[in-house]
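Heads up, the thing below is written out as structure tokens.
Lettering follows sequence order; numbering is per chain, from 1.
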Amino acid sequence: MTSADKEKNIDFIREIVERDIREGKHDGRVHTRFPPEPNGYLHIGHAKAICINFDIAEEYDGLYNLRFDDTNPVKEDVEYVESIMRDIRWLGFDWEDRLYYASDYFDRMYIYAEQLIDKGAAYVCDLSAEEVREHRGTLTEPGRNSPWRNRSIEENLDLFRRMKAGEFPDGTRTLRAKIDMASPNMNMRDPAIYRILRKSHHRTGDRWCIYPMYDYAHCLEDSIEGITHSCCSIEFEDHRPLYDWFLDRLDIFHPQQIEFARLNLTYTVMSKRKLAMLVENDLVSGWDDPRMPTLSGLRRRGYTPEAIRDFIGRIGIAKRDSIVDMALLEYCIRDDLNRRAPRLMAVLDPLKVIIKNYPSDKSEELEFINNPEDSSAGSRMVQFSRELYIERNDFQEEPHRKFKRLSPGREVRLRYAYLVTCVDSVKDENGNVTELICTYDPETRGGNTPDGRKVKGTLHWVSAVHSKPAEVRLYDRLFTLENPLESDDFIDTINDESLMVINRCRIEPSAADLAIGEPVQFERQGYFCKDPDSTEGKLVFNRTISLRDTWKRILKNQK
RNA sequence: UGGGGCGUCGUCAAAUGGUUAAGACGCAGGGUUUUGGUCCCUGUAUUGGGGGUUCGAAUCCUCCCGCCCCAGCCA
């Protein structure tokens with residue numbers, strides 16, 4: 001692609017970045033960061049933030065940092081820092097040696113806080129949390145100044161040092177920025193910048209008993225790292241004046257905070273709290289349940305990083321609230337997997353087929369194409385024999401008008417094998433078909449017709465003796481509502497059929513050799529991958545996504 | 001009812017006063033096909049509402065309406 005062909009439409013953030021480069025701001029340097037708090041697992045909403053920050057840095061020859069924003073030891077844990085790093089690497093990003101922790105800067109932040117006090121821009125406040133709230137005012141009424149607001153610099157310095165030294169109990173004092181208790185922006189009403197908190201930190205242990213607050217810490221972290229563009233989600237928009245205030249007061253390197261809308265997806269929820277609720281109430285099997293929008297869940301489900309990044313690229317970046325259609329994500333994973341997933345035959349709901357005129361002591365190898373979309377994927381040999389399984393719903397005793405598959409007297413193709421005709425069926429006492437009797441045409445080996453005759457249907461199949469049993473887990477959307485939050489209680493809208501386990505599946509033997517998570521297409525059905533629950537003797541597959549199903553649509557449109 | 005932000009196809013989302021208002025997904029129809037898959041083709045909006053400025057407005061002004069965020073010693 002030449003530069004003239006390049007897509008001209010860029011998002012507003014890239015526009016800002018390009019303008020800054022053009023104008024030589026920060027010497028044309030671009031440096032971004034992704035700053036998760038290590039207090040939970042990453043979801044696809046985080047993937048958007050990661051891609052925005054990291055892709056932009058890459059596109060403009062810049063750098064990106066991974067930084068853990070670990071300023072609140074109450075909620076944080078190393079377990080999360082590990083899972084976060086694993087997920088980001090899985091997405092395909094490499095922060096090289098630029099891994100940072102807010103806690104690495106605690107000393108510098110403390111020094112900056114003393115500077116703020118020195119400048120008369122911060123004070124130690126003895127109000128309780130409750131009293132602070134009372135003084136803050138409301139959305140429509142201004143707040144009142146703290147009685148401690150006009151302490152001398154010396155007293156503030158002394159008190160702040162003693163806070164650090166551990167002389168005061170938790171919660172008894174805070175360091176506050178001295179801004180404006182009447183500001184229409186609540187964030188500017190003398191926000192707390194340090195609190196006393198005796199809680200062991202996962203990295204600094206018990207070295208500190210005071211911890212900086214987000215608004216104070218975050219701009220400093222960005223500044224210290226020389227971040228040029230600090231892209232965050234939109235709820236921080238009215239924190240930006242505070243972000244700027246600290247940096248201006250301290251007169252240090254000043255990054256630009258830019259806000260964008262968070263990602264929402266239909267038929268799921270994205271808040272950490274709500275996802276946690278699903279886990280805690282055993283509504284899902286864990287954070288990596290394949291129905292979860294977490295990166296670990298999507299990974300286990302069989303989503304690829306390429307599909308997720310493609311998706312993020314397609315949804316664009318803007319500031320308005322939106323709910324992206326899950327169908328777009330599904331399109332992206334199908335599109336990716338169609339190109340790369342090798343094909344396999346698997347029968348989910350087996351119906352026995354006897355090929356009457358095929359010798360019972362015979363079997364033969366037939367050549368199957370591994371991926372029609374990728375000739376380099378080659379072919380494989382698959383065993384054919386007298387007794388086979390086909391999909392139960394590929395047979396209709398009294399076929400629907402548009403049904404193209406097997407029915408009494410009709411000839412269809414068994415993919416890559418032979419044309420067969422159904423001549424009889426065996427039923428149980430309830431009248432259910434338990435077995436089909438067919439004949440095959442030996443002239444049609446490979447599924448070709450030397451006489452040029454056409455058949456409408458082509459079915460997948462497995463050989464009864466050669467195939468292996470498997471458990472298959474079919475997933476559907478976790479919620480029945482496009483927007484579960486429109487319900488009084490989103491839990492009520494959980495889809496009872498979001499997980500369907502089927503146990504008597506039969507699968508082509510080579511499936512046993514697949515690695516955990518390796519994507520495959522079960523022909524005519526969908527994309528699947530082996531679940532970590534698989535053992536030596538038991539194959540377990542997750543359905544990542546079904547193939548598009550126009551047959552289902554034909555039936556639906558008829559109703 | 002204070003402040004901040006946002007309203008363009010069913011869903012995302014371009015358009016930066018002059019285009020028939022991009023594109024993608026979805027949906028509908030058709031073609032190809034040894035996967036009812038893939039692929040290909042066709043169709044699918046006058047921009048929240050009213051006034052105004054202008055030769056010309058989704059873009060500018062104005063009034064209204066609607067949605068989101070903010071009253072943690074969370075991030």
Side-chain N,O (A:Asn557) to OP1/OP2 (B:rA28) below 4.0 Å: yes
Any donor-acceptor N or O pair under 3.5 Å, side chains A:Glu373, A:Asn371: no
First of A:Trp551 and A:Glu130 reached from the 5' end of RNA chain B, by closest nucleotide: A:Trp551
Side-chain donor or acceptor of A:Tyr216 paired with backbone N/O of A:Ala177 under 3.5 Å: no
Anti/syn call for B:rG72, syn if |chi| within 90°: syn
Inter-nucleotide C1' distance (B:rU47, B:rG10), Å rounded: 16 Å
Touch class at under 4.0 angstrom, heavy-atom based, for A:Glu523 against every strand present: base
Same-atom distance (P) from B:rG29 to B:rA13, integer angstrom: 29 Å
Partner set under ring pair (Phe, Tyr, Trp, His ring centres under 6.0 Å) for A:Tyr440, not counting sequence neighbours: A:Tyr358, A:Tyr418
Sugar-phosphate, base or nothing in reach of A:Tyr211, heavy atoms under 4.0 Å: nothing
Sugar-phosphate, base or nothing in reach of A:Lys404, heavy atoms under 4.0 Å: base
Sugar-phosphate, base or nothing in reach of A:Lys402, heavy atoms under 4.0 Å: base
Among B:rC70, B:rA24, B:rG5, the nucleotide that comes nearest once only the side chain of A:Leu328 is considered: B:rA24
Whole-angstrom distance between B:rG4 and B:rA71, as gauged at atom C1': 14 Å
Touch class at under 4.0 angstrom, heavy-atom based, for A:Tyr416 against every strand present: base
N/O (side chain, A:Arg548) to phosphate O (OP1/OP2, B:rU38) under 4.0 Å: yes
Inter-nucleotide C1' distance (B:rC25, B:rC9), Å rounded: 12 Å
Distance below 4.0 Å between A:Arg343 side-chain N/O and B:rG37 OP1 or OP2: no
Under 4.0 angstrom between A:Arg314 side-chain N/O and B:rA13 OP1 or OP2: no
Any donor-acceptor N/O pair, A:Arg176 side chain to A:Pro191 backbone, under 3.5 Å: no
Nearest listed nucleotide, side chain of A:Ala192, among B:rC73, B:rC69, B:rA75: B:rC73
Selected nucleotide, minimal atom distance to A:Asn9 side chain, candidates B:rG36, B:rA22, B:rC70: B:rA22
Sugar-phosphate only, base, or nothing, as touched by A:Arg413 at under 4.0 Å among non-hydrogen atoms: base
Phosphate OP1/OP2 of B:rA75 contacted by A:Thr71 side-chain N/O (<4.0 Å): yes
Touch class at under 4.0 angstrom, heavy-atom based, for A:His239 against every strand present: base
Closest nucleotide among B:rC25, B:rG37, B:rC12 to the A:Val324 side chain: B:rC12
Touch class at under 4.0 angstrom, heavy-atom based, for A:Pro35 against every strand present: nothing
Side chain of A:Ala327 (C-beta onward), nearest among B:rG36, B:rG26, B:rA71: B:rG26
B:rC73 to B:rU59 separation - C1' atoms, rounded to the nearest Å: 46 Å
Side chain of A:Leu139 (C-beta onward), nearest among B:rG5, B:rC12, B:rC70: B:rC70
Under 3.5 Å: donor-acceptor pair, side chain of A:Asp70, backbone of A:His202: no
Side chain of A:Thr140 - closest among B:rG2, B:rC67, B:rG72: B:rG2
Nearest-Å distance once atom P is located in both B:rG49 and B:rU35: 48 Å
No-H, no-angle donor-acceptor pair, A:Arg334 side chain to B:rU38 base, under 3.5 Å: no
Touch class at under 4.0 angstrom, heavy-atom based, for A:Phe68 against every strand present: nothing
is_close_aromatic(A:Phe479, A:Tyr267), centroid dist under 6.0 Å: no
Side-chain donor/acceptor of A:Gln525 to base of B:rU35, under 3.5 Å: no
Parallel, tilted or perpendicular, as decided by the 30° and 60° cut-offs, for the rings of A:Tyr110 and A:Phe160: parallel
B:rA22 and B:rC61, which share atom name P, separated by this distance in whole Å: 25 Å
Any donor-acceptor N/O pair under 3.5 Å between B:rG5 base and A:Arg320 side chain: no
Stem segments of RNA chain B by first residue number [Watson-Crick or G-U, under 3.5 Å, at least 3]: B:2-7 with B:65-70, B:10-12 with B:23-25, B:26-31 with B:39-44, B:48-52 with B:60-64
Aromatic ring proximity A:Phe368/A:Trp461, centre distance under 6.0 Å: yes
Nearest-nucleotide pick for A:Asn338, side chain only, options being B:rC25, B:rC70, B:rG37: B:rG37
Parallel, tilted or perpendicular: ring planes of A:His46 versus A:His43, cut at 30 and 60 degrees: tilted
Donor-acceptor pair between A:Thr304 and A:Asp336 side chains, under 3.5 angstrom: yes
Side-chain N,O (A:Arg340) to OP1/OP2 (B:rU38) below 4.0 Å: no
Pairwise 5' ranking along RNA chain B for A:Arg195 and A:Ser322, keeping only the more 5' one: A:Ser322
A:Thr550 side chain near B:rG37 phosphate (N/O to OP1/OP2, under 4.0 Å): yes
Sugar-phosphate only, base, or nothing, as touched by A:Leu414 at under 4.0 Å among non-hydrogen atoms: nothing
Any donor-acceptor N/O pair under 3.5 Å between B:rG3 base and A:Asp238 side chain: yes
Sugar-phosphate only, base, or nothing, as touched by A:Tyr214 at under 4.0 Å among non-hydrogen atoms: base
Base B:rG37 paired with A:Glu373 side chain (donor-acceptor, <3.5 Å): yes
A:Glu15 side-chain proximity, nearest of B:rC6, B:rU35, B:rA15: B:rA15
ring-ring contact (aromatic ring centres under 6.0 Å, His included) between A:His218 and A:Tyr214, worked out: CA-CA 6 Å; A:His218 203 87; A:Tyr214 167 86; 4.9 Å; yes
Touch class at under 4.0 angstrom, heavy-atom based, for A:Lys75 against every strand present: base
Proximal nucleotide (of B:rU16, B:rC25, B:rG36) relative to the A:Arg524 side chain: B:rG36
Sugar-phosphate, base or nothing in reach of A:Gln521, heavy atoms under 4.0 Å: base
Any donor-acceptor pair under 3.5 Å from A:Thr294 side chain to A:Trp287 backbone: yes
Same-atom distance (P) from B:rG37 to B:rC69, integer angstrom: 41 Å
Sugar-phosphate, base or nothing in reach of A:Asn448, heavy atoms under 4.0 Å: base
